[in-house]
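The block underneath contains the structure these notes are about, expressed in structure tokens.
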Amino acid sequence: MTTTIVLGDGPLGRAVGDALRARGEDATVLGRPAGGHHDPSRLRGPRSVVDASRASAVAGNVEDALAAGCRSFVIATTGWQADAERVGAALRRAGAAAVVAPNLALGAALFLRLVDEAARLAAALGGFEPSVVEWHRRSKADRPSGTAREIVRRLSAALPIELDEVAVVRSGSMPGQHVVALDGASETIELRLTARDRAGYAAGALAAIDWLTSQPRSPGIHSFDEVVDALLARRPAAPLAVA
């Protein structure tokens, strides 16, 4: 029996499917349907659905999968914020739960927490101005990326920065790079996140599936931070070495 259906057969969808099969699961990866909606009969039975499609398809994909009886979702697509209320309402009506993230890579989740702390410290000291640069493959549609939007959201909690100040590069086949700079009068601090391939995103998708299916979750949309918190709680920090 298929344990997970991945909606979207692009590089990310294929990476998630490969990661699921590598750990012995039966995963089905479906491309975009010709009519714009998936046949519910093809979506019945899996324990989870991963959306790795495109922004305009997310809401319809979730509704199609809910109609087929799916109740556990990981949304790995970005740029669909305009439909977030519609998706959240549909999930709550059906008693279903979804993990959503601007970037499902665990390294990206840690990077965002470093951004939080850097912004807090810079605001406390004063004199530092933030900037964000993001670089993705030429074919990536959303500008800025979902990760860049989340970086700005977190920075703006402590420092003045607007989304239109993000520098966006679309060129080549770069999976993803984000640079956060805090520029002072005589020095600049930089935090850099570089994705070398999509394996990190796939690993995060699997972690989100495991979190969703390990116990009942409240209906609606859940942040990927909840998944990361659970992982960190299971892995106590290593003791400091004593010289």
Q. Rounded to the nearest 0.5 Å, what separation is found between the CG atom of Leu206 and the OG atom of Ser48?
A. 8.5 Å
Q: Mind listing the closest non-hydrogen atom pair of Ala148 and Glu134 along with its distance?
A: CB-CG, 3.9 Å
(Q) My understanding is that a hydrophobic cluster links ILVMFWY residues whose side chain heavy atoms are under 4.5 Å apart, including indirect links. Using that, what else belongs to the cluster containing Phe73? (A) Ile5, Leu7, Leu30, Leu43, Val49, Val58, Val62, Leu66, Ile75, Trp80, Val87, Leu91, Val100, Ile221
(Q) Determine whether Phe111 and Ile151 satisfy the following criterion, side-chain contact (heavy atoms from CB on, under 4.5 Å), listing intermediate values before the conclusion. (A) CA-CA 9 Å; Phe111 177 81; Ile151 288 170; 3.8 Å; yes
**Q.** Pro46 to Cys70 - nearest heavy-atom pair and separation
**A.** CG-SG, 4.0 Å
**Q.** Joint cluster assignment, Leu232 & Val115, ILVMFWY side-chain distance < 4.5 Å
**A.** no
Q: Might you work through the side-chain contact (heavy atoms from CB on, under 4.5 Å) test for Leu182 and Leu121, ending with a clear yes or no?
A: CA-CA 11 Å; Leu182 297 168; Leu121 293 172; over 6 Å; no
Q: For residues Arg217 and Ala97, report the shortest heavy-atom separation together with the two atoms involved.
A: CB-CB, 4.1 Å
Q: Would you please test Lys140 and Thr78 for side-chain contact (heavy atoms from CB on, under 4.5 Å) and show each step?
A: CA-CA 10 Å; Lys140 185 171 176 62; Thr78 62; 3.5 Å; yes
Q) Can you tell me if CZ on Arg196 sees more than 12 non-hydrogen neighbours from other groups inside 6.0 Å? A) no
Q) For Trp135, does the CH2 atom have more than 12 heavy-atom neighbours from other residues, nucleotides or ligands under 6.0 Å away? A) no
Q.
For Arg32, is the CZ atom crowded, meaning more than 12 foreign heavy atoms sit under 6.0 Å from it?
A. no
Q) With distance as the sole test, does Arg71 use its side chain to make a donor-acceptor pair with the main-chain N or O of Ala94 at under 3.5 Å? A) yes
Q: Check step by step if side-chain contact (heavy atoms from CB on, under 4.5 Å) holds for Asp225 and Arg113.
A: CA-CA 10 Å; Asp225 275 331; Arg113 295 185 184 211; 3.4 Å; yes
Q) Can you check salt bridge (Lys or Arg N to Asp or Glu O under 4.0 Å) on Asp210 and Arg47, steps first, answer last? A) CA-CA 10 Å; Asp210 294 343; Arg47 67 168 184 161; 3.7 Å; yes
Q) Is atom CZ of Arg170 surrounded by more than 12 heavy atoms (other residues, nucleotides or ligands) closer than 6.0 Å? A) yes
**Q.** Shortest non-hydrogen contact from Val29 toward Gly17
**A.** CG2-CA, 4.0 Å
Q | Note, Pro33 side chain near Arg42 side chain (heavy atom, < 4.5 Å) | A | no
Q. Are Val168 and Val179 in one and the same hydrophobic cluster, where Ile, Leu, Val, Met, Phe, Trp and Tyr link if side-chain heavy atoms are under 4.5 Å apart?
A. no
Q. Are the side chain of Glu150 and the backbone N or O of Pro102 linked by a donor-acceptor pair below 3.5 Å?
A. no
Q. Side chain of Thr3, backbone of Asp26: donor and acceptor closer than 3.5 Å?
A. yes
Q.
Using a 6.0 Å cut-off, check whether atom CD of Glu129 has over 12 heavy atoms from anything other than its own residue.
A. no
(Q) Checking the side chain of Thr77 only, and the main-chain atoms of Ser53 only, is there a donor and an acceptor separated by less than 3.5 Å? (A) yes
Q. Sub-3.5 Å donor-acceptor pair from the side chain of Arg14 to the main-chain atoms of Asp9, do we have one?
A. yes
Q) Ignoring hydrogens and geometry, is there a side-chain-to-backbone donor-acceptor pair from Glu187 to Gly184 under 3.5 Å? A) no
Q. To the nearest 0.5 Å, how far apart are OG1 in Thr4 and CD in Glu25?
A. 5.0 Å
(Q) Nearest 0.5 Å, please: how far is OG in Ser223 from CG in Asp229? (A) 8.0 Å
Q) Around atom CD of Glu85, are there more than 12 heavy atoms of other residues, nucleotides or ligands at under 6.0 Å? A) no
Q) Asp64 side chain to His38 main-chain N or O, any donor-acceptor pair under 3.5 Å? A) yes
Q: Flag yes if Val133 and Ile161 sit in one hydrophobic cluster, no otherwise; membership is Ile, Leu, Val, Met, Phe, Trp, Tyr, and two members link when side-chain heavy atoms are under 4.5 Å apart.
A: no
Q: Find the distance between NE2 (His222) and CH2 (Trp211) and round it off to the nearest 0.5 Å.
A: 4.5 Å
(Q) Can you tell me how far apart CG (Leu231) and CD (Glu226) are? Round to the nearest 0.5 Å. (A) 12.0 Å
(Q) Which heavy atom of Ala55 sits nearest to which heavy atom of Asp83, and what is that distance? (A) O-OD2, 4.5 Å
Q) Does the distance from a Lys or Arg side-chain N to an Asp or Glu carboxylate O, for Arg153 and Asp116, drop under 4.0 Å? A) no
Q: For residues Tyr201 and Gly176, report the shortest heavy-atom separation together with the two atoms involved.
A: OH-CA, 4.5 Å
(Q) Would you say Leu106 ends up clustered with Val99 if hydrophobic residues are merged whenever their side chains have heavy atoms under 4.5 Å apart, either directly or through other cluster members? (A) yes
Q. From His178 NE2 over to His136 NE2, what is the distance, rounded to the nearest 0.5 angstrom?
A. 4.0 Å
Q. Taking the side chain from Glu117 and the backbone from Leu114, do they hold a donor-acceptor pair closer than 3.5 Å?
A. no
Q: Determine, using the 4.5 Å side-chain heavy-atom cutoff (strictly less than), whether Leu12 and Leu20 are members of one ILVMFWY cluster.
A: yes
